[in-house]
Amino acid sequence: MAGVVKVTTAQEKNLAPVMANTNAIAQVAPSPAPPNNSLPALVPLPQSLKSLPGEALTKLETLVFPANLWAEAQYLAAEIAQQTGKNLSLVKADQTAGAPAGALVLSWSTTPLAAEGYRLQVQSSAMTLVAQDKAGFIHGMQTILQLLPLQKGKAWKIPALEIEDHPRFAYRGMHLDVVRHLFSVDYIKQFIDYLCHHKMNTFHWHLTDDQGWRIEMKAYPKLNTIGSYRAETLVGHFKDQPAVYDGQRYGGYYTQKEIKEIVAYAALRQINIIPEIDIPGHSRAAIAAYPELSTQPDTVWNVATTWGMYNRQNNVLAPKPATFQFLETVFTELMALFPSPYIHLGGDECSKLWWKQDPKTQDFIAQNKLGNETGLQTYFIEYVGRFLQTKGRKAIGWHEIAEGKLDTATLIMNWGNEKTAAQCLQKGFSIIQTPGKPLYFDHYQSLDPKDSLAIHGYNPLEAVYRFDPVPPGMNRSNKILGAQANVWTEYMGHAQKVNYMVFPRMTALSEVLWSGPGKDYGAFLQRLESQSIPRYGYWNASWFKDYRKWDLSKKPAN
Ligand code: TNX
């Protein structure tokens, strides 16, 4: 792909032979570079961003793309049209001998790039995006969208520049709990767009819990007719006394058709969806539908109407043939919907109380020589883990599943702290970091008593920005695959509350995961304000506005 570069100065003329090959340009530092402030504010910060000599690009007319990037090209053209009002004409061309004037060219890289990496070059007459995998193209497209005006009809002026970019971590995710509160298919797609824009690649979808079962299951219809609905919902904080309920039946679930639609939507955007069916605890909705799977089969269980069930109400599956049959069937239906190599089976906060009290469970523990209830927890996880393996998938679970002696092929999601992370690494697991501090976005981002209700805790923007998934001195830190923030929705009754809780913290996390250490918080805030906050507005999304006020110098009372 030659002929893109406009050579202007004598010094650059000497570089002309190298520059004929776009892939070689990245190694060449243009000189003299214009002052830094002429460079656009991008979030997450690219690995390398350099000015190129020459005039700014002021218009594009065509989008030139290889045939095997048809869907991606259509996606980009639609995003550009929606954002700027400009409709580019699409031109399929596998071999671009040179970028025609006014072209935005997508082109497969002929030299190796880092996984998910891309190279973007802007010249006065054209723009070229090069990548070697589809993810690289999608990430580069987000950068392009950040370079274009965020307003229809506004003049374009993109300085000549070159970006070489790739992520620091392979796993960059966000979780969303759709059980405690349910969100529309449109919002789930919007949320996936938020992830995509932030160059993340994983959406962890928490689909079942005590307060509802949110995915259609054909083989067990009562999971939906009964398990997907609760009689009412707690009002206020769950520690408030007396407890007040709203008296409104609440619930619903995503049909398998909707799930397929969402999976396809995410796939185009290079987002893998990891579905979670939370077992063997957090299973109240399942036992409400099928009490025979519980330790007290003759009981009529309600779908939980309150939060924080751990050791307070029975919500565990009992180890019996019907339960294992149930698990195989449910995970089979799940795998048919989600192509994800990893399937999340929860495993957090599994109360041992109900298993202790149940003679039949105790018999099972004895017969299978499991030692105790922790051994039974491991048995459940390994049972499903082995089943997933026979179908070519891998199990992932919350860090409590590593309490016993668990197969280290299981991927661990650490929601604890550095100590629990170190313990899991020490035992030989690979982990994903999602520590409550600071990656629980259901915690407050201020200490203002009038702030919108959250669970507890103080996870301000600055704490997220300064978080490093790889703590200094940690052994086996190459087994830390990345990180994600969790969005538990007990206190998020509607989509705008979710937005308020995730923005701008998710933007800070994206930079932790993409750009790497050695970051400047002050400079980030400036880029946040010139690049990201206007985009929240463009999305019509709420965000927490007092992030400058609530920094790490403010300390919680205790
Ligand atoms: C613990 S963290 C949970 C969730 C709650 C959350 C509230 C984890 C794996 N389980 O069920 O929603 O705390 O912060």
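Quantities reported herein were computed from a predicted structural model and do not represent experimental measurements. Both counts, for ligands and for their atoms, begin at 1 and track the order of listing. Throughout, numbering of the chain's residues begins at 1 and tracks the sequence.
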List ligand 1 atoms under 4.0 Å from Trp415, heavy atoms only on the residue side.
2 (S), 8 (C), 9 (C)

Are Trp205 and Tyr254 an aromatic pair by the rule of ring centers under 6.0 Å?
yes

Mind running side chain to side chain donor-acceptor pair (under 3.5 Å) on His166 and Glu116 for me, showing each step along the way?
CA-CA 6 Å; His166 63 265; Glu116 298 189 60; over 6 Å; no

When distances are taken from atom 7 (C) of ligand 1, the protein heavy atom at minimum range is Asp442 OD2, 3.3 Å

Within the structure, is a non-hydrogen atom of His282 found at a distance of less than 4.0 Å from ligand 1?
yes

Could you say whether the N/O atoms of Asp348 and ligand 1 ever approach to under 3.5 Å?
yes

Ligand 1 atoms nearer than 4.0 angstrom to some heavy atom of Glu490 are 5 (C), 7 (C), 12 (O)

Tell me whether Asp209 has any N or O atom under 3.5 angstrom from an N or O of ligand 1.
no

Geometric class of the Trp550/Tyr458 ring pair [parallel <30°, tilted 30-60°, perpendicular >60°]
perpendicular

Mind telling me whether Phe191 and Tyr194 have parallel, tilted or perpendicular rings, with 30° and 60° as the class edges?
perpendicular

CH2 on Trp398 to CG on Asn414, rounded to 0.5 Å:
10.0 Å

Near Ile455 (heavy-atom distance under 4.0 Å), the atoms of ligand 1 are 7 (C), 14 (O)

Short version for Tyr440: what comes under 4.0 Å of ligand 1, heavy atoms counted, is side chain

Options Glu349, His456, Met309, His175, ranked by nearest heavy atom to atom 13 (O) of ligand 1, top entry
Glu349

Is the Phe326 ring parallel, tilted or perpendicular to the Tyr290 ring (thresholds 30°, 60°)?
tilted

Answer yes or no for Arg180: is there a heavy-atom contact with ligand 1 below 4.0 Å?
yes

In Å, rounded to the nearest 0.5 Å, how long is the span from CZ of Arg230 to CZ of Arg284?
13.0 Å

